[in-house]
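Right, one structure below, let's go through it.
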Amino acid sequence: MSARAWFGVISLVTLSTIGALALWWPPMLISYLIFGPLVLVGIYDLFQDKHAILRNFPVIGHGRYLFEAIRPEINQYFIESNTDGMPFDREQRSVVYQRAKNVNDTTPFGTQLDVYLPGYEWLDHSLRAATPSSADARLTIGSRHAAKPYSSSLLNISAMSFGSLSSNAVEALNRGAARGQFAHNTGEGGISPYHLAGGGDLIWQIGTGYFGCRAADGGFDPDGFVQRATHEQVKMIEIKLSQGAKPGHGGILPAAKLTREIAEIRGVPMGQDVLSPPCHRAFDSPTGLLQFVAQLRELSGGKPVGFKLCVGRRDEFLGICKAMIATGIEPDFITVDGAEGGTGAAPLEFSNSVGMPLTEGLVFVHNALRGTGLREHITLLCAGKVLGAFDIARLLAIGADGCYSARAMMFALGCIQARRCNHNDCPTGVATQKPNLVRGLDIEDKAERVQRYHHNTLHAFLELLGAAGFSSPTQLRPWHIHRRLDYRQSMHYGQLFTYLEPGALLGDRSGLPTEWEELWGRADADRF
């Protein structure tokens with residue numbers, strides 16, 4: 001007998017039995033309040049046509065959808081080990097929570113990682129340890145071209161827009177940045193009152209939607225840009241070319257998260273998804289990009305200006321390098337975002353299968369700038385699953401000057417990796433616009449946690465740096481970081497990747513690897 005037939009038999013027997021028993025004991029009728037709705041649900045299931053499971057298995061079929069809904073929680077709390085969760089495992093999340101709360105962040109009984117599995121990495125230590133100071137955890141950006149260079153922390157808050165994050169989350173991040181003296185990237189959603197409420201340093205990101213400097217036709221508005229770029233809290237300007245989590249695709253703010261306040265800040269209509277264009281309208285070539293950099297630097301009063309990208313077609317980035325040489329215009333900084341970067345909403349194919357991961361992208365950009373003699377002039381920042389001190393050390397060793405972190409900062413705010421960012425029902429109030437959920441995020445408490453996470457992570461980084469025998473982050477090199485390939489073999493990053501000599505792409509290129517020769521030949525300063 002089918003489940004549909006069993007439902008009919010059980011319903012009939014149950015309702016009849018309750019009716020019969022009620023003849024002797026009337027309070028039994030109360031049972032109809034329990035079984036009556038279940039029978040009605042089952043009848044609805046039988047006649048609806050959207051879910052085959054419910055038609056074939058009335059009532060009990062809902063169990064499938066219930067368990068599917070709580071599957072992430074079951075995995076996180078009952079199935080995953082401390083080291084196999086994704087995108088961040090429990091051990092990684094826990095160290096952020098511990099540092100944010102300023103509690104014991106040490107671990108007992110040795111590592112839980114299998115140090116002989118491929119992918120395990122480690123830092124060379126020295127028998128003569130050093131003692132770097134907190135002053136060594138800063139760098140200056142823009143000293144060559146900007147009239148107002150910026151003294152930046154080695155670790156800053158990565159781009160997260162108001163809209164993607166709640167007002168309380170944005171304000172807590174900014175207050176934490178102010179207290180810890182590090183920078184807060186606004187994300188492409190523009191500068192909101194909550195970015196300004198804490199008094200923290202801002203890196204204003206200009207995306208393809210030009211939110212905050214958007215003309216009526218959706219293009220770039222110079223006057224609107226000047227009005228905000230000259231604000232005292234804005235320290236740098238970052239042009240977003242592409243984002244690691246969805247490279248080649250514009251930003252996505254689901255309509256469910258679009259409030260009237262956000263719509264007014266961005267200058268967009270209510271009631272529909274806010275989709276940023278995939279490309280900029282202000283320029284359409286490498287030379288045009290650099291001219292836009294120069295324009296923004298001038299309009300902002302000489303503040304450092306750079307751009308952010310996830311590396312895709314490598315010849316296009318080399319075209320930008322050729323344009324720098326031809327025009328003499330250089331950005332003050334370049335941010336490399338990895339394909340493993342996070343986002344509130346992205347098409348699965350873009351998130352999983354488009355864009356270059358951070359390690360390869362960072363090494364390539366570092367090499368391209370080095371090979372064109374531009375590396376010493378440009379600060380290289382990076383973003384993509386930066387969470388702990390070793391992440392920072394590894395990225396600085398293979399080519400970066402400084403790092404951004406987004407999801408670790410969200411963990412410091414209280415994020416539990418519920419992965420509900422695109423549904424507007426984040427349970428911790430971090431990535432939602434629902435007032436009843438946002439209200440649960442205490443701004444003052446979370447600002448302290450953001451500041452403490454930043455401070456304790458950089459302290460841990462300086463301890464790692466000292467253990468390696470260095471007093472300055474600039475002493476880290478690719479050969480100080482090793483990666484296991486198999487049970488018997490490991491290599492340092494200087495062996496894993498070819499690092500070009502300064503100026504290797506200029507003049508005589510006879511010793512240049514064939515791949516670089518071909519890429520350089522295809523690069524064009526006048527078109528992407």
Side-chain angles (χ1 to χ4, degrees), residues 142 144-146 188 204-211 213-215 217-222 224-225 229 236-244 246-251 275-300 303-337 350 354-356 361 364-375 377-381 505-506 509 515-528:
R144 181 178 174 88
H145 298 292
E188 68 170 305
W204 182 18
Q205 186 180 90
I206 309 296
T208 55
Y210 303 114
F211 303 125
C213 54
R214 180 183 177 89
D217 64 355
F220 175 68
D221 175 20
F225 174 80
M236 301 201 304
I237 315 295
E238 181 180 80
I239 304 164
K240 175 186 167 184
L241 302 181
S242 59
Q243 177 182 351
K246 47 193 174 209
H249 195 291
L275 305 176
S276 301
C279 302
H280 278 267
R281 291 176 57 180
F283 55 87
D284 61 2
S285 67
T287 299
L289 165 62
L290 297 178
Q291 291 169 342
F292 191 53
V293 166
Q295 180 186 9
L296 298 191
R297 189 185 288 138
E298 181 180 358
L299 291 174
S300 66
K303 294 180 178 180
V305 177
F307 58 84
K308 167 184 173 178
L309 83 165
C310 175
V311 178
R313 291 179 51 180
R314 292 172 295 169
D315 57 325
E316 292 182 343
F317 185 82
L318 289 176
I320 297 174
C321 293
K322 282 187 173 181
M324 291 184 207
I325 297 170
T327 63
I329 303 171
E330 299 168 350
D332 297 290
F333 66 95
I334 295 173
T335 302
V336 180
D337 198 5
F350 278 83
V354 182
M356 191 177 291
F364 169 76
V365 171
H366 172 76
N367 263 328
L369 296 176
R370 186 176 168 89
T372 51
L374 298 165
R375 182 64 183 90
H377 307 163
I378 300 170
T379 300
L380 194 51
L381 307 177
L505 291 169
L506 307 175
R509 298 192 296 275
E515 182 183 29
W516 280 95
E517 181 70 44
E518 293 174 352
L519 288 170
W520 186 250
R522 293 201 304 266
D524 191 333
D526 296 319
R527 63 177 179 84
F528 286 122

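Rounding to the nearest 0.5 Å gives a distance of 13.0 Å between CG of L290 and CD of Q295. If you take OG1 on T287 and CG on D526, they are separated by 4.5 Å, rounding to the nearest 0.5 Å. In this structure, CG in L369 is found 10.0 Å from CG in L505, a value given to the nearest 0.5 Å. Between the CD atom in E330 and the CD1 atom in I325 there is a gap of 9.0 Å [rounded to 0.5 Å]. Remark: L374 CG to I320 CD1 distance equals 11.5 Å, nearest 0.5 Å. Taking OG of S285 as the reference point, atom CD of Q291 lies at 7.0 Å (rounded to 0.5 Å).
Under a cut-off of 6.0 angstrom, the local environment of CZ in R522 is crowded, with over 12 non-hydrogen atoms contributed by other residues, nucleotides or ligands. Under a cut-off of 6.0 angstrom, the local environment of CD in E517 is crowded, with over 12 non-hydrogen atoms contributed by other residues, nucleotides or ligands.
Judged as a ring pair (Phe, Tyr, Trp, His ring centres under 6.0 Å), and not counting sequence neighbours, W520 has no contacts. Residues satisfying the ring pair (Phe, Tyr, Trp, His ring centres under 6.0 Å) test with F283, not counting sequence neighbours, are H280, F292. The ring pair (Phe, Tyr, Trp, His ring centres under 6.0 Å) test applied to H249 returns F350, not counting sequence neighbours. Applying the salt bridge (charged side-chain N to carboxylate O under 4.0 Å, His left out) rule to R314 yields the partners E515; only residues at least two apart in sequence or on another chain are considered. The side-chain hydrogen bond (donor to acceptor under 3.5 Å, both in side chains) test applied to Q205 returns E238, not counting sequence neighbours. For the salt bridge (charged side-chain N to carboxylate O under 4.0 Å, His left out) test, residues two or more places apart in sequence or in another chain that qualify with R313 are D315, E316.
Annotation: side chain of W204 is in contact with side chain of C213 (closest heavy-atom distance under 4.5 Å). Counting only heavy atoms from C-beta outward, the side chains of T208 and P278 never approach each other to under 4.5 Å. Side chains of L318 and W516 form a contact here, defined as non-hydrogen atoms less than 4.5 Å apart. With a 4.5 Å cut-off on side-chain heavy atoms, F220 and R281 do not count as touching. When side chains are defined from C-beta on, P331 does not count as touching V305, because their heavy atoms never get closer than 4.5 Å. L380 has its side chain within reach of H366: a pair of non-hydrogen atoms, C-beta onward, lies under 4.5 Å apart. Looking at I334 and F317, their side chains come closer than 4.5 Å, going by heavy atoms from C-beta outward. For the pair F225/L296, a side-chain contact is recorded, criterion being any heavy-atom separation below 4.5 Å from C-beta on.
Nearest heavy atoms, G244 versus C310: CA-CB, 3.8 Å. The shortest heavy-atom contact between D332 and G142 is OD1-CA, 3.5 Å. Of all non-hydrogen atoms in S242 and P247, the two that sit nearest each other are CB-CA, 4.3 Å. Smallest separation of non-hydrogen atoms from A215 and D221: N-CB, 3.7 Å.
Put simply, the side chain of R144 never gets that close to the backbone of I378: no donor and acceptor are under 3.5 Å apart. Side chain of K240 to main chain of E188: no donor-acceptor pair is present (N/O by atom type, distance under 3.5 Å, no hydrogens or angles). Between the K303 side chain and the A229 main chain, a donor and an acceptor come within less than 3.5 Å of each other.
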